[in-house]
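Counting starts at 1 for both ligands and their atoms, in listed order. Since we're looking at a predicted model, the values are computed, not measured. For the single chain, residues carry numbers from 1 onward in sequence order.
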Amino acid sequence: MNGEFVAWEDAKVHVLTHGLHYGTGVFEGIRAYDTQLGTAIFRHREHIERLFKSAELYYMPIPFGAEELRLATHELITRNGLQACYIRPIVFRGYGQMGLFPLEAPVDVAIAVWEWGAYLGEEGKRTGIRAKVSSWRRISPDSLLPASKASGQYLNSVLAKIETHKAGYEEAILLDDQGHVCEGSGENIFIVREGRIFTPPQTASILDGITRRSAMAIAADLGHEVVERDIGRAELYLADEVFLVGTAAELVPVREIDDHAIGTGAPGPVTVAIQAAYEDALHGRNPRYHDWLDVVQVPSRAA
Ligand SMILES: Cc1ncc(COP(=O)(O)O)c(C=O)c1O
């Protein structure tokens with residue numbers, strides 16, 4: 001926290017922390033995997049870059065450099081003796097200033113690591129999940145900044161997630177303010193129709209997902225055409241295959257949406273092939289994607 005290593009139980013903030021009241025924080029969700037090259041953080045630099053962009057959009061200067069955050073994360077993982085973990089950096093307006101004008105509140109930075117299994121479950125990754133189109137629309141650029149991974153913005157995902165959970169489904173799919181398919185509550189979305197892969201473009205108010213970019217690269221490497229274009233709600237139901245991608249969830253097939261079976265109702269061949277290649281990339285099993293891995297260096301101080 002703010003440049004110091006702090007024990008889990010001591011990693012606390014004041015109740016008048018600005019970000020706690022007004023959602024003035026930005027964060028990242030990153031994963032490190034136990035790979036053939038050692039513990040490696042998947043697309044670490046890209047995540048840190050997005051953290052800086054998210055902060056910039058909310059006028060929050062981060063009081064550390066990208067490389068400092070990267071190396072602090074390495075040391076944190078090493079000190080905790082973790083081979084694989086979830087990594088949560090958060091930058092937020094801290095204690096010292098209440099009211100809506102935040103620019104005089106300090107900008108605090110914390111990074112936490114812990115072991116966290118697949119967000120939508122291992123079974124979901126294998127057999128697919130049931131999803132529901134939420135009645136809540138994804139935040140629009142008229143009111144907020146969909147490109148920023150900002151804490152307060154997640155109230156939108158939280159509402160969709162609660163609604164979906166109460167209705168007995170495993171994940172929510174949000175439409176954008178125009179009624180086009182946007183994304184999951186914490187994942188980007190892809191559909192497969194007649195051999196082509198489609199995913200919504202940036203203009204659909206998506207978060208520019210790093211797994212999305214990885215899945216697009218892998219799909220292209222496997223010889224698939226990936227088209228970024230608006231997707232209508234009915235196209236979801238009529239798709240041969242649908243899958244969700246995100247750091248926490250990884251790549252999850254969707255077998256049912258709003259009680260319509262997707263394709264055969266089981267994960268389809270394109271989804272399964274991209275998922276397998278993605279798992280190989282995460283675990284360092286394909287040298288083609290080794291550039292995506294930031295192998296954790298044991299810092300001499302912590303060794
Ligand atoms: C709303 C939302 N969309 C998409 C994603 C997927 O992004 P990424 O693949 O970078 O984890 C996430 C997860 O961070 C998210 O919270």
Side-chain angles (χ1 to χ4, degrees), residues 23 25-33 41-55 57 85-91 112 116-120 124-125 129 131 133-134 136-141 143-164 170-177 180-191 199-219 226 228 231 242-252 254 274-275 277-279 281-282 289 292-294:
V26 296
F27 67 95
E28 270 304 316
I30 314 174
R31 278 190 188 274
Y33 291 88
I41 306 171
F42 190 69
R43 306 202 76 170
H44 196 193
R45 287 181 175 81
E46 289 90 336
H47 280 283
I48 294 175
E49 204 175 294
R50 188 172 65 186
L51 182 71
F52 275 82
K53 284 185 188 158
S54 295
L57 288 171
C85 60
Y86 186 80
I87 304 162
R88 168 58 55 83
I90 182 161
V91 176
W116 206 15
Y119 176 60
L120 295 172
K125 277 174 64 179
I129 59 157
V133 174
S134 173
W136 298 102
R137 294 290 176 95
R138 166 78 174 157
I139 51 168
S140 112
S143 326
L144 285 165
L145 296 156
S148 179
K149 196 167 166 63
S151 308
Q153 299 189 164
Y154 273 84
L155 286 174
N156 179 233
S157 292
V158 165
L159 282 172
K161 190 80 187 170
I162 291 173
E163 177 187 54
T164 307
E170 289 151 287
E171 188 49 298
I173 295 171
L174 287 85
L175 307 180
D176 69 10
D177 55 339
H180 296 127
V181 174
C182 192
E183 59 183 6
S185 71
E187 308 85 20
N188 293 113
I189 192 165
F190 288 82
I191 72 168
T199 193
Q202 289 294 326
T203 45
S205 304
I206 61 169
L207 180 75
D208 182 8
I210 289 159
T211 319
R212 173 182 181 270
R213 282 192 243 153
S214 309
M216 286 168 75
I218 288 171
V226 186
E228 289 178 82
I231 295 174
V242 176
F243 58 93
L244 297 170
V245 300
T247 300
E250 300 172 330
L251 192 154
V252 182
V254 181
I274 297 172
Q275 187 185 43
Y278 178 62
E279 289 285 332
L282 292 177
Y289 304 117
W292 287 348
L293 301 178
D294 180 23

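Ligand-side atoms of ligand 1 in range of E183: 1 (C), 2 (C), 3 (N), 4 (C), range being under 4.0 angstrom from any heavy atom. The distance from ligand 1 to the heavy atoms of S185 drops below 4.0 Å at these ligand atoms: 1 (C).
Inter-residue side-chain proximity for I48 and E28 is flagged as unmet; no heavy-atom pair is nearer than 4.5 Å. Inter-residue side-chain proximity for W136 and E163 is flagged as met; some heavy-atom pair is nearer than 4.5 Å. A heavy-atom distance below 4.5 Å is not found between the side chains of F42 and T247. Between R212 and E183 the shortest side-chain heavy-atom distance does not fall below 4.5 Å. Looking only at side-chain heavy atoms (C-beta outward), K149 and Y154 come within less than 4.5 Å of each other. Side-chain atoms of K53 and V26, non-hydrogen and from C-beta on, never get closer than 4.5 Å to each other.
When G186, C182, G29, G184 are ranked by how near their heavy atoms come to atom 13 (C) of ligand 1, first place goes to G186. Summarising the contacts of atom 7 (O) of ligand 1 with S205, S214, G209, the nearest heavy atom is found in G209.
Taking only nitrogen or oxygen atoms, main chain and side chain alike, D208 does not reach within less than 3.5 Å of ligand 1. Checking only distances, I210 does come within under 3.5 Å of ligand 1, N or O to N or O. In terms of N/O distances under 3.5 Å, ligand 1 is approached by Y154. At least one N or O atom of R50 sits closer than 3.5 Å to an N or O atom of ligand 1. Any N or O atom pair closer than 3.5 Å counts here, and S157 shares no such pair with ligand 1.
For atom 6 (C) of ligand 1, the nearest non-hydrogen atom of the protein is N188 OD1, 3.7 Å. Atom 11 (O) of ligand 1 has T247 OG1, 2.6 Å as its closest protein atom, hydrogens excluded (heavy atom only). Here the protein heavy atom with the shortest distance to atom 9 (O) of ligand 1 is T211 OG1, 2.5 Å.
A donor-acceptor contact under 3.5 angstrom links the side chains of E171 and S185, judged on distance only.
Ligand 1 lies out of reach of E28, whose nearest heavy atom is not under 4.0 Å from it. Ligand 1 does not have A248 within reach: every non-hydrogen atom of the residue lies 4.0 Å or more from it.
Test L244, L282, T211 against E250 for side-chain contact (heavy atoms from CB on, under 4.5 Å) and you get one pass: L282. Only one option out of L207, I173, L120 pairs with E187 in a side-chain contact (heavy atoms from CB on, under 4.5 Å); it is L120.
Proximity of K149 to ligand 1, defined as any heavy-atom pair under 4.0 Å, is confined to the side chain (atoms from C-beta onward).
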From CA spacing to verdict: salt bridge (charged side-chain N to carboxylate O under 4.0 Å, His left out), E279, K125: CA-CA 11 Å; E279 289 285 332; K125 277 174 64 179; 2.9 Å; yes
